[in-house]
Amino acid sequence: KPDGQAVVRRLAGQVDVVIENYRPDVMERQGIDYAALSKENPRLIYCSISGYGHDSPLKMVAGYDPVAQAESGMMSITGEPDGEPMRSGASYADIFTGMFATQAIMGALFARERDGLGQHIDLALVDSAVAVTANLAQNYLVTGQQPQRLGNRHPFLEPFGTFQCADGLINIVIGNARQWERFCKDVLDRRDLLEDPRFATNPGRLQNRQAVRDLLTATFLTDTRENWIARMRAAGVPAGSVRAVGEALEAPEIRYRGMVREVEHPTAGTISMLASPLKLSGTPTADLQAPPLLGQHTDEILMAAGYDSSEVAGLRDKRVVS
């Protein structure tokens, strides 16, 4: 509605950042795209997030995380070698696009400190998904070789990945010769492996990958994951248990870091919420608050923008705001 568009323009004249994730035509059609709002506020930073970007031939196609995972190549390298391409359990394309948006906005704010000008940020879900393929994409660009699905194994390291213990799975990383030496001497008490040409070097272990995994699987089954992890951490060998989400959220080190907090919700009472991982010494993040109810802050925001109570009531009567 025209009154709603006027509200957005009025707010945009007073804020630092606008974020929107519609198709590229929507905001322009409403008269609240970057070109329009930057006239109200030349310092405005306007972040657009879409499926394929504002200058793409596919710009009018809606973007969804599962499709971005497929089209970026990420699914092709996720899953077991003899299985089908696999989507990640979390919506990584959505999440990373939000993180890239944060980086871009902070960079634009920093640039504005120097030149006093805002700018338009054009982020695409598919671009972000492609960017996260990172070293695997770069390896293809250098060698021309397509990355393959390896399950929990690593293309260049062995041993690496998950192993079954007496009471569950662990995940290990042997990233260099020193770690392999400590693993053999201090964790497995198998110095003989350091002399065996099949296992002494990482190239040898890659050539004999199944033999390595058979040996370690039989060994790890003799004790609990807690005991194996304790031994590996004492030896400086990276390892951790494969946890369910609930196990992770209840783990003492996660709780110690304040990653789960209790907050008061206006209708649900006391609820537990996942907290921010950001820890800043000088400017800590704001106290965690429950998600607002629909329209909870409408009056507060509009009156801060200069509307009086009767104008807000009029907008509500017209169903412009909730």
Side-chain angles (χ1 to χ4, degrees), residues 64-97 125-177 179-180 183-184 187-188 190 193-194 196-225 228-229 232 237-245 247-248:
Y64 291 91
D65 177 274
V67 176
Q69 290 197 35
E71 293 191 326
S72 66
M74 184 63 82
M75 284 181 63
S76 75
I77 55 176
T78 305
E80 293 299 325
D82 56 352
E84 65 179 16
M86 191 69 63
R87 180 179 63 84
S88 69
S91 298
Y92 91 89
D94 283 344
I95 294 167
F96 273 104
T97 302
L125 195 69
V126 171
D127 290 354
S128 299
V130 169
V132 178
T133 60
N135 58 314
L136 295 171
Q138 189 60 50
N139 188 64
Y140 167 78
L141 292 173
V142 172
T143 68
Q145 296 179 353
Q146 293 282 2
Q148 302 298 311
R149 289 190 299 283
L150 293 171
N152 290 318
R153 285 166 284 180
H154 194 281
F156 312 124
L157 296 173
E158 188 64 49
F160 180 104
T162 56
F163 291 87
Q164 183 69 43
C165 298
D167 61 347
L169 288 170
I170 59 171
N171 203 25
I172 70 171
V173 175
I174 306 296
N176 54 52
Q179 289 175 349
W180 173 246
F183 182 63
C184 294
V187 178
L188 302 181
R190 290 287 306 273
L193 298 178
L194 299 173
D196 190 320
R198 297 175 299 164
F199 308 133
T201 66
N202 187 64
R205 295 192 296 276
L206 287 172
Q207 290 179 0
N208 296 277
R209 191 190 289 268
Q210 193 57 51
V212 174
R213 299 193 72 82
D214 289 345
L215 184 153
L216 294 184
T217 296
T219 303
F220 282 128
L221 283 170
T222 64
D223 207 344
T224 65
R225 61 181 184 175
W228 282 119
I229 290 169
M232 283 188 275
V237 177
S241 56
V242 179
R243 294 167 168 163
V245 173
E247 282 185 281

Nearest-0.5 Å distance, CD1 of residue I170 to CE of residue M232: 3.5 Å

For the atom pair CG (L188) and CG (L216), what is the distance rounded to the nearest 0.5 Å? 6.0 Å

Within the distance-only criterion (no hydrogens, no angle test), does the side chain of T217 pair as donor or acceptor with the backbone N or O of D214 below 3.5 angstrom? no

If I compare all heavy atoms of C165 with all of L221, which pair ends up nearest, and what's the gap? O-CD2, 3.6 Å

Report the C-alpha distance between L150 and F160 in whole Å, list the side-chain angles of each, state the deciding distance to 0.1 Å, and finish with yes or no for side-chain contact (heavy atoms from CB on, under 4.5 Å). CA-CA 11 Å; L150 293 171; F160 180 104; over 6 Å; no

Interatomic distance, CD@Q148 vs CZ@R153, rounded to 0.5 Å, equals 12.5 Å

As a quick check of understanding, evaluate side-chain contact (heavy atoms from CB on, under 4.5 Å) for W180 and T201, giving each step before the final call. CA-CA 9 Å; W180 173 246; T201 66; over 6 Å; no

Are the side chains of V237 and I172 in contact, using a 4.5 Å heavy-atom criterion? no

Could you measure the distance from the CG atom of N202 to the CD atom of Q207? Nearest 0.5 Å is fine. 10.5 Å

Show me the donor-acceptor pairs within less than 3.5 Å that the side chains of residues 134-146 make with the rest of the protein, sequence neighbours left out.
from, atom 1, to, atom 2, distance (Å)
T143, OG1, N139, O, 2.8
T143, OG1, Q145, N, 3.1

For A129 versus A68, what's the shortest heavy-atom pair and its separation? CB-O, 3.7 Å

Using 0.5 Å steps for rounding, measure from the CG atom of L169 to the CZ atom of R225. 8.0 Å

Of all residues at least two apart in sequence or in a different chain, which pass the side chain to side chain donor-acceptor pair (under 3.5 Å) check with D196? R198

Checking T162 now: which residues fulfil side chain to side chain donor-acceptor pair (under 3.5 Å) with it, not counting sequence neighbours? N152

Step by step, work out the side-chain contact (heavy atoms from CB on, under 4.5 Å) result for R213 and E158. CA-CA 9 Å; R213 299 193 72 82; E158 188 64 49; 3.5 Å; yes

For N171 and V242, indicate whether the former's side chain and the latter's backbone hold a donor-acceptor pair under 3.5 Å. no

Side chain to side chain donor-acceptor pair (under 3.5 Å): which pairs involve residues 88-97, sequence neighbours left out? Q69-S88, S72-Y92, T97-S128

Qualifying residues under side chain to side chain donor-acceptor pair (under 3.5 Å), relative to R149, sequence neighbours excluded: none

Point-to-point distance, once rounded to the nearest 0.5 Å, from CD of E71 to CG of L125: 10.0 Å

Quick one: which residue pairs count as a ring-ring contact (aromatic ring centres under 6.0 Å, His included) with a foot in residues 199-223, not counting sequence neighbours? F163-F220, F220-W228

